[in-house]
Amino acid sequence: MAEITNVINVALLPEGKAAAATNMNVVAIITKEQGVLSTAERYRAYKSAAAVAGDFGASSEVTAYANTVFATSPNAVNFGGSLVVGYWRGDSETVAATPGVLTGAEIDPDAALAALRQIDKGSMNITIIDKLYTLINLDFTGCRDFSACLAKLKFDDDGNEASVRLENNRVVITTQATGDGKDVGFAIEGSEGDFIGSILGLTNGSGASATGGTDSETLSAETKLAGITAISAQVQIRGAMFIDEIADVDIENLATWSKANQVLIYEVFSGSKYFALNTSTNPVWANTLSGLDTFRCLYSKAGNRKLAASYMARAHTVNFNAENSAMTMHLKELAVPAEDYSQTEIDNAKIVGLDLFTTIKNSPVVLTSPANDFVDNVYNLIAFIDSVQVDMFNLLKMTGTKIPQTTPGVLTMIDQGEKTTRRFVRAGVFGPGEWSKPDYFGDYKTFFDNIREYGFYWQTGSLADQSTADRQARKSPVLQCAVKNQGAIHSADVVINFNL
């Protein structure tokens, strides 16, 4: 019988894995408390206060701050986020000596077991702590499972020189002794028997990796900047606050880092000096004038640092896929005690760029300052820029063939940009309105009509005007976007005409 492929051939173009936008609702409490966390383990992520208490203890400072986060309603975890507890080395830390480790390549244990069961004279040479071990006549034919196979690997008469285990589908050999020079080499083939090192994924070049042992050492204290840099290198966070107060001299470096890395850092200030319009003595005012709007300044005359934890938890609560989900922090309630402020203090805070938590007619409310922009504007724009970047990337990556360097191809890019922007219009971040800036691009009427009707306008440069170099580099003409911020109403003046 003839094959159907003589007539019809079907090929499947598989769909690749798309990149995910950064989760804007992953927030971090950063502590210098040693024990649960250390330089070797910089963070843990949590979805509940009970889980934090289980690790740090119910009476710990970390748990107290975590309780504030989870007591805030709603909070970041309610909107698909998580609470990260991060560690910065605020004090010197003694690091224990470590063993040597050989981590094998990823294997299929079932397939490896089947292969080993065919071997009754297995062999492998391996060097452990400067001693060459020659394993021969290893009979795996009667092994019931893969663990039984590993149990046959012994590296001295007592089997105590190194341990062998399967971890995440990798064979791991670890020296019992610790310290410098306590190393494990790659498996090599001996002169007799059937070599098993390849089956176990322990050979050089197979994907196995060897890590030498290290001596105990004392690490000196690090700056908060070094700490948060190390944490963010391991886990993507979008909001952070330190349990320990940030010194005035450290604020500029942390604020600059937060802007460069698009991470909102929340800090609490206390004392009348932070109301002064003096850049040399007041880092809040210096931060405001520098436009470092990702560094968020809060005020508590009582010095309540949990204000930052609750404020952060409440601010990171937007689902940009939902309708009318964008929010403002103005007049929101937090899970910390509200404080009394004079009108002068409220006015000074507003001028200098400090948000505070007080009461109006016995109702607890956040009063926000526009001086260093509103936190929702900063948060929303970080999310929008990230979404445009990721969505454009996924368009190029997920296309089974290619996006052609033609007008239809460029319009496909524009269509993706418009689709992403419409999502933010639906969420309430952008919206129709009048463009109030003097600058625009493209056709004047088309630009203003689109902003007025849709709240955004996308345009592409001309393919005909593209340089040869850009054409040869397979670049798209530049894509431009204008968006109209919806903003939020924070106050109103009411005029009442009365007539008898």
Side-chain angles (χ1 to χ4, degrees), residues 26-46 51-69 83-101 103 129 174-183 209-237 239-258 260-261 263-271 283 295 303-306 308-309 312:
V26 177
V27 296
I29 293 172
I30 302 178
T31 178
K32 67 177 182 180
E33 179 182 331
Q34 297 179 14
V36 177
L37 298 177
S38 64
T39 302
E41 184 181 2
R42 283 283 185 173
Y43 79 95
R44 290 186 182 181
Y46 299 92
V52 179
D55 279 353
F56 289 88
S59 60
S60 72
E61 190 175 41
V62 170
T63 298
Y65 276 79
N67 286 341
T68 300
V69 169
L83 173 64
V84 168
V85 177
Y87 168 78
W88 74 286
R89 198 170 60 246
D91 302 309
S92 61
E93 177 188 349
T94 300
V95 179
T98 62
V101 180
T103 303
I129 313 181
T174 305
T175 63
Q176 299 292 346
T178 60
D180 184 46
K182 306 300 188 287
D183 304 333
S209 61
T211 304
T214 59
D215 291 332
S216 174
E217 63 175 323
T218 299
L219 303 176
S220 60
E222 66 184 2
T223 63
K224 288 183 173 69
L225 177 61
I228 196 171
T229 300
I231 294 165
S232 65
Q234 297 182 23
V235 58
Q236 180 65 69
I237 56 176
M241 63 86 55
F242 287 87
I243 290 178
D244 299 281
E245 181 181 356
I246 300 175
D248 288 356
V249 295
D250 294 331
I251 288 173
E252 182 180 357
N253 285 337
L254 281 167
T256 303
W257 180 92
S258 73
N261 291 275
V263 175
L264 284 77
I265 295 179
Y266 299 85
E267 175 62 4
V268 175
F269 297 87
S270 180
F295 192 87
N304 186 357
R305 296 192 58 75
K306 292 187 180 71
M312 174 179 69

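Only heavy atoms go into these numbers, but all of them, side chains included; no hydrogens, no water, no symmetry mates. Note that the coordinates shown come from a computational prediction; the quantities given were computed from them, not determined experimentally.
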Find out whether [X] and [Y] are in side-chain contact, i.e. whether some heavy atom of one side chain is under 4.5 Å from a heavy atom of the other.
X      : Y      : result
Asp180 : Thr214 : no
Phe56  : Tyr65  : no
Thr39  : Tyr87  : yes
Ile265 : Trp257 : yes
Asp215 : Glu217 : no
Ile251 : Phe269 : yes
Trp88  : Asp244 : yes
Gln236 : Val26  : no

From CA spacing to verdict: side chain to side chain contact (heavy atoms under 4.5 Å, CB included), Thr103, Thr211: CA-CA 8 Å; Thr103 303; Thr211 304; 5.8 Å; no
So, taking the atom named [atom1] in [X] and the one named [atom2] in [Y], what distance separates them when rounded to the nearest 0.5 Å?
X      : Y      : atom1 : atom2 : result
Ser232 : Arg42  : OG    : CZ    : 10.5 Å
Leu254 : Phe295 : CG    : CZ    : 6.0 Å
Ile243 : Met241 : CD1   : CE    : 6.5 Å
Glu93  : Lys32  : CD    : NZ    : 13.0 Å
Leu83  : Arg44  : CG    : CZ    : 13.5 Å
Gln234 : Glu41  : CD    : CD    : 9.0 Å

Evaluation steps, side chain to side chain contact (heavy atoms under 4.5 Å, CB included), between Asp55 and Tyr46: CA-CA 10 Å; Asp55 279 353; Tyr46 299 92; 2.6 Å; yes
CA sep, side-chain torsions, deciding dist, call: Asp91, Gln34, side chain to side chain contact (heavy atoms under 4.5 Å, CB included): CA-CA 9 Å; Asp91 302 309; Gln34 297 179 14; 4.3 Å; yes
Heavy-atom neighbours of Glu252 CD exceed 12 at 6.0 Å: no
Minimum-distance pair of heavy atoms, taken over all atoms of [X] and [Y]:
X      : Y      : value
Lys224 : Glu245 : NZ-O, 3.2 Å
Gly86  : Leu37  : C-CD1, 4.0 Å
Gly57  : Ser60  : O-OG, 3.1 Å
Thr98  : Gly212 : OG1-O, 4.3 Å
Ala53  : Thr63  : CA-OG1, 3.6 Å
Ala66  : Ile29  : N-CD1, 3.7 Å

Identified side-chain contact (heavy atoms from CB on, under 4.5 Å) partner of Phe242 from the options Val268, Asp250, Ile30: Ile30
Test item: Arg89 side-chain N/O and Ser220 main-chain N/O as donor-acceptor pair under 3.5 Å: yes
